[in-house]
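What follows is a short report on a single structure.
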Amino acid sequence: MKVLKLIVLALLMVPALGAEINCTDSIGQYSISVSSNNDVELITPDGSATARLTVRTGSYMSGVASGAKVKSFTLDTEAGILRVFTPRPKTVEVECSGK
Amino acid sequence: MKKLLTTLALMTSFSVAATGNSSNFLEIGITDWNYKKQVDKNAVAGVLNFTDVRMSRSDMAFNLSNKDEIFNANMTYTDGVMGFKAKYMNFNFDMGKENGFNDVVEMGTKKSLAIINPGFFSFGGKNFSIKMDDLRTQLNNFYIFCTANDPDLDMASADGIERGCMTEFFVSPEKAEAPMTMNIQLDYEDGDKMDFTAQLGELDLLGASVFRLNALNSTMTMAPYFMETSNISATCMKDEDQLTFDSEIIKKQCENSVSLEVPKIVLRNKKDETKFYINMKNLEVANGNLYFQAPVIQFVDRESSVTTKDLTVKCQKSEDSVLYDLHSVIKECIESGRINIKSLISRDEENLWFRYEDIMTKGFDPLAHISDKEKTAKRISFQLDQGKALIKASAYKKILGKYARFDVYIKGSVDHRPAKDQIVLNVDEIKVPIGWFKIKWKKFLLGIMKKALVGENIQFNGDRITIQL
């Protein structure tokens, strides 16, 4: 039983450890997750991409992506604004959870 | 370009710390920013109205939201220091006494967003204009994105932006539904003016080496010429190690590797009232040669037209020759060149000159009224080698309703006189159909060549033929 509790606890902790911040737009086309290691995963209609953070100051962060058409992004978690550059810019309102 | 980049990066007098974790950045939403150079250094030189600014330098970051426009600022520019003074704010950016902004006479942008960031540079908006001494540029619905794809390079500086933009850039309409328009006005030292407007699809640089351009259409006025083009697509190369902007070096590298396609070109010479239509398949510079293919070239004046079909040119193109200088190209072709024309049709016209106005706007085909059977000359070839010319052609003349063919062979030397805008062909040897007298070939050739060149630009003097360009 203790082992089972530990497994459940571990499973519950995985998302928290893996993604520090998650943001999604209202129709689920765009989402971004930022891990505590500053690893970023972006999902867009143009494909998904991984990215690395180059700026993280308060609620504002930005990074350079690799993969799909996405070249870079900026995110303001407080204002709920995600800009994705493909490289033409697309501004999306998102709701964020996490730190 | 460097001046422009410096200007756009004006707020980043940051030092370049080459780390991927730099926190130097600037993001500014501009409602309206205009500047006009003032004689009085302390006078207000413009205004800056913005929506918000996010800025960080080293460990200090701040966000500024211009709620109720309380931070709308007047701008000054004195001895390399750009100042913004608002009711509750006063900013100064020291750009150094010697900087590119000193050359800016006027500059403005509306509804734009600029992001200067360690990883990329992005600038787009409704319009942007800049005027320097002899150059005015205006962009509407524009977007520029640059990145170096280098985690070790901090792009949050003028040098970083320059290096990034020389590695990978992307220029396109900001809003995909409409084209990006670009207008360039250039004053030349001799008093000539060039006015160029284009609707751009995309312009990009990939892998620090390949430029690609797509333009929907363009117009250019440079007295006495007015030119219209449609659907331009072009590529050219630059050295991938050339990561600083040097317009002369990049222009040369691009020129010596260009590949250009322009399906329709209409050119008007307002001085002598001639018009030209060119259907160009390809113009290419490769392996030290210039290649040009034009399925159709047509020249018209108010009374006549000359149409060439399937013209091909192959000339040497040394690195230091200049592609957009006609005399430089002629010099190269005379040194080593081959020109072939499948057929040439010369005919009288009634209203073709007027109908040229409908080519671009209404899709008028200036060849539609010319029968496939019409011919004045066929299989025309010019072989040029170190100033020596060999010309072959089959000329046609209608006799009693039927075409009679005359094969002509001319050998001579070509004298190029750029200062007089002339090409002189000195005829050394000629072979014409049996039974022709020498006087006849002159008359015949004059007739053919006059027909081949619209206007009164050709003269015979003994065995010398002078073409005035």
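All values below were derived from every heavy atom in this structure, side-chain atoms included, with hydrogens, water molecules and symmetry-related copies excluded. It should be emphasised that the depicted structure is a prediction, and the values quoted were computed from it without experimental measurement. Chain letters run A, B, ... following the sequence lines, proteins first, then strands; residues in each count from 1.
In this structure, the separation between CG on B:Asn24 and OG1 on A:Thr57 is 9.5 Å, given to the nearest 0.5 Å. The distance from atom CG of A:Asp76 to atom CZ of B:Arg54, rounded to the nearest 0.5 Å, is 4.0 Å. The line from CD1 of A:Ile81 to CG of B:Asp52 is 9.5 Å long, rounded to the nearest 0.5 Å. Note that the CD1 atom of B:Ile115 and the CZ atom of A:Arg83 stand 5.5 Å from one another [nearest 0.5 Å].
Taking a 6.0 Å sphere around CD of B:Gln138, one finds it holds more than 12 heavy atoms contributed by other residues, nucleotides or ligands. In the displayed structure, A:Glu78 atom CD is contacted under 6.0 Å by at most 12 heavy atoms of other residues, nucleotides or ligands.
The shortest side-chain heavy-atom distance between B:Phe145 and A:Ser72 falls under the 4.5 Å cut-off. Counting heavy atoms from C-beta on, the side chains of A:Lys71 and B:Phe170 never come closer than 4.5 Å.
Contact annotation for A:Ser66: neither backbone nor side-chain heavy atoms come within less than 4.5 Å of a heavy atom of chain B.
A:Ser62 and B:Asn117 get closest at one heavy-atom pair: OG-ND2, 2.7 Å. A:Gly63 approaches B:Phe120 most closely through the heavy-atom pair O-CE2, 4.1 Å. Taking all atoms of both residues into account, the shortest heavy-atom contact from A:Val64 to B:Gly119 is CG2-CA, 3.5 Å.
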N/O donor-acceptor pairs under 3.5 Å from side chains in residues 203-214 of chain B, not counting sequence neighbours:
from     : atom 1 : to       : atom 2 : distance (Å)
B:Asp204 : OD1    : B:Arg212 : NE     : 3.1
B:Asp204 : OD2    : B:Arg212 : NH2    : 2.9
B:Ser209 : OG     : B:Gly207 : O      : 3.3

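Interface with chain B: from residues 85-95 of chain A, residues A:Phe85, A:Pro87, A:Arg88, A:Pro89 qualify, criterion being any non-hydrogen pair under 4.5 Å.
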